[in-house]
There are 2 protein chains.
Amino acid sequence: MTSPAAFAATAVLLADPARAAMLTALLSGEALTAGELARVAGIGAPAASAHLARLAEGGLIAVQPQGRHRYHRLASEEVAAMLETLGGLTEAVSPARRWPHGEAFRTARLCYDHLAGRLGVALHAGLTGRGWITPAAGGWVATEAGEAGLAALGVDLAAARGARRFACDCMDWSERRAHLSGGLGREIAACCLRRHWITRIPAEREGDPLARRRLRVTPEGARRLGEALGIAA
Amino acid sequence: MTSPAAFAATAVLLADPARAAMLTALLSGEALTAGELARVAGIGAPAASAHLARLAEGGLIAVQPQGRHRYHRLASEEVAAMLETLGGLTEAVSPARRWPHGEAFRTARLCYDHLAGRLGVALHAGLTGRGWITPAAGGWVATEAGEAGLAALGVDLAAARGARRFACDCMDWSERRAHLSGGLGREIAACCLRRHWITRIPAEREGDPLARRRLRVTPEGARRLGEALGIAA
DNA sequence: ACGGCGCTTCGCCGCGGAGCGAAGGACAGG
DNA sequence: CCTGTCCTTCGCTCCGCGGCGAAGCGCCGT
């Protein structure tokens with residue numbers, strides 16, 4: 001009964017344009033209601049309901065009812081990483097056909113709950129280059145200098161350590177290099193957003209599934225990140 | 001025109017059962033003809049031809065004409081890793097519905113061109129545990145002790161270094177841990193097969209796309225691998 | 001308690017694509 | 001040069017799934 005190709009079951013869920021749009025919107029890390037996701041996908045409520053049921057059944061998203069709303073989010077960090085990796089393959093195959101959001105999107109964006117794009121890659125390079133993190137089996141650990149530096153920036157290291165994985169590489173499809181994932185990646189992104197070093201770019205048009213992921217570095221953020229980690233705006 | 005979800009284009013290629021069976025067969029690392037792949041997928045020659053054209057167009061496989069045959073192989077190591085990762089997600093979601101080949105398949109198999117399953121994970125653990133390889137940004141490098149040990153086993157280190165990446169982690173879906181990929185992973189697998197420490201298990205029934213990937217450790221192999229790296233059969 | 005809203009279920013329609021059979025190139029061997 | 005083999009292209013049929021409208025269910029506000 002079970003298909004000999006385990007990946008096919010998951011692939012059919014990703015293959016539909018409406019479901020793909022929903023998952024892309026959820027890559028922003030936000031929890032969205034069924035209605036919002038229906039608008040994002042450009043379909044009616046009944047169709048969206050059916051799609052979300054299938055995504056939940058396939059373990060790609062998690063649902064939490066709250067009053068008369070039902071909030072949906074990606075089921076895990078692995079799902080987010082898988083989506084980014086798969087998107088990167090397409091990019092590698094045909095760099096010619098760049099999607100319309102290309103440049104703006106490559107500068108800075110969210111990958112689920114951590115920073116990606118040129119900003120994410122620069123952050124990764126800054127952390128490793130200054131010796132704030134060092135490789136360990138299965139990922140990265142913070143050095144003494146790193147703990148001090150990150151704490152000075154306002155990163156919640158205790159929260160980062162609470163994650164299943166402290167820090168690991170996540171392939172950045174647009175830059176073709178690794179950026180930082182795991183608890184540390186999440187807390188750094190949260191810290192930057194909290195301090196308004198980075199802000200979300202509001203959607204120009206309603207229902208753009210990518211819009212929620214685009215980020216802008218504020219002047220204050222450029223200064224602080226440049227001083228601490230040598231990241232150029 | 002371009003879909004906002006870059007991954008959807010690749011996903012549709014993986015979502016069809018016939019194409020999935022073909023890709024699974026190609027995960028053995030062998031180059032197969034269109035006819036062989038048609039039998040594996042259980043479809044006629046015309047359908048297979050159309051599927052293979054789409055897979056090539058999508059950059060998932062590479063084709064090399066040779067006489068009146070056309071040999072097909074996976075386009076790159078990234079494709080193989082992506083397929084294994086995607087398959088692992090399914091496994092994580094519903095560990096209850098294990099596929100029929102479960103146990104035999106989890107013991108030892110090929111992941112494209114390197115070893116996977118319990119054997120692959122044990123190899124990874126042996127290499128790191130004995131300090132033969134040590135983490136570096138973007139993967140692993142061999143230590144002095146590792147170079148000596150691997151050369152003594154008969155692994156072609158020069159060939160391994162010729163690969164785009166010397167050694168990196170590839171997620172093992174069945175064990176939920178990393179096994180070794182990259183040039184070193186390939187050369188270790190090649191060495192074990194060449195020396196008949198490991199042999200391919202012949203397919204019981206024609207057209208099983210998984211059959212080509214199953215491996216068995218020979219008594220000689222168990223002895224040598226146990227001595228060198230503490231790998232239990 | 002009642003109306004409103006969000007979401008789901010049901011029934012039906014339409015389209016895309018996956019399959020085969022038949023016919024048309026391309027290549028090796030005699 | 002002809003024959004057999006391997007693969008592709010073409011024309012066609014058919015099933016599956018994604019879409020909507022209508023109706024049903026559950027939770028909130030007043």
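Order of the sequence lines sets the chain letters (A, B, ...), proteins ahead of strands, with each chain counted from 1.
Evaluation of the side chain to side chain donor-acceptor pair (under 3.5 Å) rule for B:S49 yields no partner, not counting sequence neighbours. Residues meeting the side chain to side chain donor-acceptor pair (under 3.5 Å) test with B:E77, sequence neighbours left out: B:S181.
Looking at heavy atoms from C-beta onward, B:S76 lies in side-chain contact with B:V79 at the 4.5 angstrom threshold. Counting heavy atoms from C-beta on, the side chains of A:L184 and A:L150 come closer than 4.5 Å. A 4.5 Å side-chain heavy-atom check between B:Y112 and B:L26 finds every atom pair outside the cut-off.
The pair B:D172-B:R109 meets the salt-bridge criterion, with a side-chain N (NZ, NE, NH1 or NH2) lying under 4.0 Å from an Asp/Glu carboxylate O. Ionic pairing of B:R213 and B:E84 is present here: one or more N-O contacts between side-chain nitrogen and carboxylate oxygen are shorter than 4.0 angstrom. Looking at A:R164 and A:E78, a side-chain N of the basic residue comes within less than 4.0 Å of a carboxylate O on the acidic one, giving a salt bridge.
In terms of phosphate contacts, A:H51 brings no side-chain nitrogen or oxygen within less than 4.0 Å of OP1 or OP2 of D:dC17.
Rounded to an integer number of Å, the gap from OH of A:Y71 to P of D:dC27 is 16 Å. Computed from coordinates, the A:L14 CG to D:dC17 P distance equals 16 Å when rounded to whole Å. Summarising the geometry, the separation between CG on A:D16 and P on D:dC17 is reported as 11 Å, rounded to the nearest angstrom.
Ring-plane geometry between A:H124 and A:W140 is classed as perpendicular, the angle between the planes exceeding 60 degrees on a 0 to 90 degree scale with a lower cut at 30.
Within the helix from C:dA1-D:dT30 to C:dG24-D:dC7, the inter-axis angle between the opening and closing five-pair segments is 40°, rounded to 10°.
Residue pairs meeting the ring pair (Phe, Tyr, Trp, His ring centres under 6.0 Å) criterion with at least one partner in residues 38-85 of chain A, sequence neighbours excluded, do not occur; the list is empty.
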Detail all sub-3.5 Å separations between protein N/O atoms and N/O atoms belonging to nucleotides 6-9 of chain D.
from, atom 1, to, atom 2, distance (Å)
D:dC7, OP1, B:A34, N, 3.4
D:dC7, OP2, B:G35, N, 3.1
D:dT8, OP1, B:R70, NH1, 2.5
D:dT8, OP2, B:S49, OG, 2.8
D:dT8, O5', B:S49, OG, 2.9

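The nucleotide range of DNA chain C contacted by chain A, defined by atoms under 4.0 angstrom from heavy atoms of the protein and reported 5' to 3', is C:dG4 to C:dT9.
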